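Report on the following structure.
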Amino acid sequence: MACAPNRVRLLCMLSLTFGFFIVEVVVSRLTSSLAMLSDSFHMLSDVIALVVALVAVRFAEKTQSTNKNTFGWIRAEVMGALVNAVFLTALCFTIILEATERFTEPHEIEKPWVVIGVGAAGLVVNLLGLCLFHGHAGGGGHGHSHGGHKKHKNGKARRSEMLEDCRSAGEETNNLVGNHNSSPNGVNTDRRRADVCHSNSLDLQINGNAPYEELENGHDSASQLNMRGVFLHVLGDALGSVIVVVNALIFTFVWKPCLPGTLCENPCAGHQCTDHVENISSAGTNHTMFKAGPCWVLYLDPTLCVIMVCILLYTTYPLLKESALILLQTVPKQIDMHQLKARLQELEGVLAVHELHIWQLAGSRIIATAHIKCHDPTSYMDVAKRIKDFFHDEGIHATTIQPEFVTMNSDSRASLCELSCRTQCAPKLCCGAADTVKQPDGALGQKKPSESKTPMVPGEGSALEIINESVETASRPEAPVIITREVESSL
Amino acid sequence: MLPLSIKDDEYKPAKLNLFVKLSGWFRSILADKTSRNLFFFLCLNLSFAFVELSYGIWSNSLGLISDSFHMFFDCTALLAGLAASVISRWRSNDSFSYGYVRAEVLAGFVNGLFLIFTAFFIFSEGVERALEPPDVHHERLLPVSIAGLLVNLVGIFVFQHGGHGHSHGDEGHGHSHSLFNGSVGHGHGGHGHSHESKHGHDHGHSHGGHGHSHDYPHCHDDHSHTPGKGSSKQILQGVFLHIVADTLGSVGVIISAILMQKYDLMIADPICSMLIAMLIGVSVVPLLRESIGILMQRTPPSLDLSLPECYQRVQQLHGVYNLQEPHFWTLCTDVYIGTLKLLVAPDADSRWILSQTHNIFTQVGVRQLYVQIDVAAM
């Protein structure tokens with residue numbers, strides 16, 4: 001099969017499914033079969049799922065950052081996967097609803113041959129879809145190779161322009177980073193330029209000029225999530241078609257219906273009809289009574305539906321969980337925060353690490369932010385390079401490191417955060433941020449208020465001061481008060 | 001030597017741990033006003049659903065049974081909101097460095113999705129019924145439907161005065177659908193979903209609050225007595241929409257029942273359903289737009305105007321050459337996080353620049369800021 005990109009596959013499947021939906025609606029009108037109409041609406045929901053995935057793919061291709069979306073639209077694929085997973089779950093609920101109704105009031109299938117025909121056609125369409133999407137979504141092995149081809153073409157184009165960019169930017173970045181150790185490292189400027197260039201290009205990733213490898217990997221795993229959602233949807237539909245066909249087949253061959261004109265009773269009908277039947281039975285006791293076919297056939301349909309729902313829910317749950325976790329800003333599972341933080345603190349020149357946050361944008365694009373405490377600005381540039389390299393080694397290429405410098409009299413309190421981020425979420429958390437003991441729960445920061453704001457009433461600050469554990473410098477008692485007042489008013 | 005602490009957590013049996021966890025959750029639910037309201041309304045809805053189910057089984061009305069299932073489905077929306085309000089208060093840990101605060105946005109989004117799905121389903125059922133009008137029996141269901149409407153109205157009241165300017169109480173959706181579902185169910189033998197009740201909000205719950213009687217000043221979280229209120233906005237919005245959808249459904253059901261009884265307009269039922277489905281769809285759009293914006297890491301809409309001004313001010317600081325790669329996004333309601341890189345002169349005072357930048361951005365409401373300083377070469 002040709003390695004068609006995602007979009008083409010989705011469009012293919014979309015047109016097929018939509019066409020089939022129309023066919024089903026027409027057939028249901030012709031045969032006035034309500035079951036067919038409801039099945040056609042299931043097809044329509046499939047169409048909607050494909051549309052969602054298509055929209056997500058279209059959006060996610062725009063990786064350039066815009067004014068409003070500074071990260072680009074990469075997250076759209078994760079959102080598409082989540083929407084599809086939620087949609088599937090809701091669909092499962094409605095199927096259970098319908099199945100329960102069938103349990104309480106079973107009825108026969110009218111015109112089973114038409115149902116078999118249409119069901120088989122639907123099954124063919126769905127199997128085709130499964131083949132289309134299986135390579136991309138489930139296995140993983142295929143997926144990379146397919147995706148790789150497309151990305152490689154793009155990657156090559158990008159690589160050439162990237163190198164050009166790099167060369168022009170190389171001068172700048174060399175000056176940027178390399179200047180602080182110009183004296184001893186005069187000889188290494190070339191290699192440093194290459195290094196810096198590479199790291200700079202990786203840094204530009206957020207703005208969409210991602211280097212080739214990152215682009216492939218990032219897109220692959222993000223779009224994999226989206227395609228998995230589509231695959232599950234098509235799988236659910238295929239299972240549904242299988243059930244329809246199996247049920248109709250068993251019905252045709254096992255069920256003995258009540259032919260019009262003969263006297264027979266239908267013991268399987270719902271309670272509403274029993275009075276009617278009893279009248280007949282009391283009337284014609286002399287004739288032989290035909291009984292309509294085995295009743296268990298009527299209960300086969302809902303039972304199969306329930307089994308299908310279980311299978312679907314079981315396969316949808318991991319997708320739901322994964323996309324929800326990404327959207328909840330979780331730390332990617334391959335990264336161990338504790339270890340990372342410990343290793344970061346071991347780096348030379350790093351006194352302390354605060355407010356380390358690592359989260360996944362989509363796929364393999366991981367973003368990290370932190371405060372690093374170091375001795376003074378001159379040593380900072382050195383440390384900055386080392387920290388960036390450290391993160392690159394971990395696979396995190398978009399980092400923002402805020403330096404914090406030790407103040408004169410707070411050498412002993414090297415672990416305290418000078419410009420701590422006042423998190424409004426902290427009061428909402430159960431017991432406050434338990435992350436750093438040094439940080440107070442009210443998250444008071446110590447700023448050097450060069451622009452002093454109008455001093456607030458110090459009275460209210462006292463209550464919070466009790467909670468406040470870190471009073472960094474005794475010389476600034478008003479600072480916490482002013483800042484807490486701020487926090488209060490905007491909470 | 002006395003032991004300072006006794007740690008026998010490891011020796012507790014597993015069952016006791018589960019019980020402890022559950023009671024912990026329970027306490028956490030009752031602690032916060034929002035989750036307390038949600039929990040009680042969930043209980044009310046659940047009990048009503050059980051009553052309807054038992055009544056339906058006893059009186060053999062398929063419509064009532066299906067309607068009660070529909071109510072159970074609605075209860076899951078309430079449950080999602082409740083779970084989100086509890087989860088978002090958990091502490092941050094190694095895997096979730098920001099804590100779980102995003103759960104509320106996710107819950108609002110998922111509720112919005114469920115509502116859209118429900119609207120779509122009601123619409124499809126309306127179409128089916130229009131093409132094949134069933135015979136409608138509504139005598140038995142009128143009292144149940146009216147009871148459902150009352151439950152919904154209670155919900156609306158409770159959640160409306162929830163407090164902090166969040167205008168939407170999310171009341172449970174009344175199950176007024178029962179009226180229709182039951183009647184329809186008989187005819188169909190099975191599509192009795194009371195979607196009718198699902199339509200809801202003509203309020204346009206949008207956070208902008210247009211059309212809403214509640215004013216929604218989005219920075220008025222300080223009015224709330226509990227600090228957690230601000231964060232529950234998304235949850236409450238989602239739940240409220242659900243409730244209003246149900247109420248409107250009930251109202252629609254009653255109106256069409258009257259129309260059918262008095263004027264024998266059989267077409268009223270499907271038309272009502274379709275109208276209500278469209279109303280639900282339209283009203284959910286603002287909630288969806290907001291949560292999608294947050295989840296896509298979009299720049300906070302409330303900062304759209306003030307951010308360029310801040311960039312200007314930062315670039316005018318002494319020593320700053322350039323401001324690069326600004327990224328601002330919303331963590332949860334009213335909590336903004338930003339990162340940016342500053343290109344500074346080598347002789348600039350980094351500390352002063354850092355504190356000034358922090359000041360500038362704190363004034364617009366961005367509390368968590370990460371400023372990277374890149375020193376330019378001479």
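Given the structure is predicted, the values throughout are model-derived calculations rather than measurements. In what follows, chains carry the letters A, B, and so on, assigned in the order in which the sequence lines appear, proteins first and then strands, with residues in each chain numbered from 1.
- Between A:Glu355 and B:Gln368 the shortest side-chain heavy-atom distance falls below 4.5 Å.
- With chain A as partner, the option from B:Phe117, B:Phe96, B:Phe328, B:Phe109 having the largest number of non-hydrogen pairs under 4.5 angstrom is B:Phe117.
- Proximity to chain A is absent for every atom of B:Pro300, based on heavy atoms less than 4.5 angstrom apart.
- For the residue pair B:His327/B:Thr339, the side-chain donor-acceptor check at 3.5 Å is not satisfied.
- With a 4.5 angstrom heavy-atom cutoff, B:Leu106 touches chain A only via side-chain atoms.
- The parts of A:Leu91 that come within reach of chain B are both its backbone and its side chain, each placing non-hydrogen atoms under 4.5 angstrom from that chain.
- In terms of heavy atoms, B:Val371 sits closest to A:Pro403 at O-CD, 3.5 Å.
- No hydrogens or angles considered: a donor-acceptor pair under 3.5 Å links the side chains of A:Gln402 and B:His358.
- Contacts of A:Ala370 with chain B are made by backbone atoms alone, with heavy-atom separations under 4.5 Å and no side-chain atom involved.
- Only the side chain of A:Trp359 comes within less than 4.5 Å of a heavy atom of chain B; its backbone N, CA, C and O stay farther away.
- The structure places CG of B:Asn322 at 12.5 Å from OH of B:Tyr311, a figure rounded to the nearest 0.5 Å.
- Ion pairing between a basic and an acidic side chain is recognised when a charged N comes within 4.0 Å of a carboxylate O; B:Arg367 and B:Asp334 show no such pairing.
- The contact between B:Ile373 and chain A is made by backbone and side chain atoms together, counting heavy-atom distances below 4.5 Å.
- Checked against the 6.0 Å centroid threshold, B:Tyr98 and B:Trp90 do not count as a close aromatic pair.
- Heavy-atom pairs under 4.5 Å with chain B were tallied for A:Lys68, A:His357, A:Met337, A:Lys333; the largest tally goes to A:His357.
- Proximity to chain A is absent for every atom of B:Asp349, based on heavy atoms less than 4.5 angstrom apart.
- If you measure heavy-atom distances from A:Ala384 to chain B, you find no contacts under 4.5 Å at all.
- B:Tyr100 and B:Asn93 share a donor-acceptor pair across their side chains, judged by distance under 3.5 Å alone.
- Neither the backbone nor the side chain of B:Leu307 comes within contact range of chain A, judged by heavy atoms closer than 4.5 Å.
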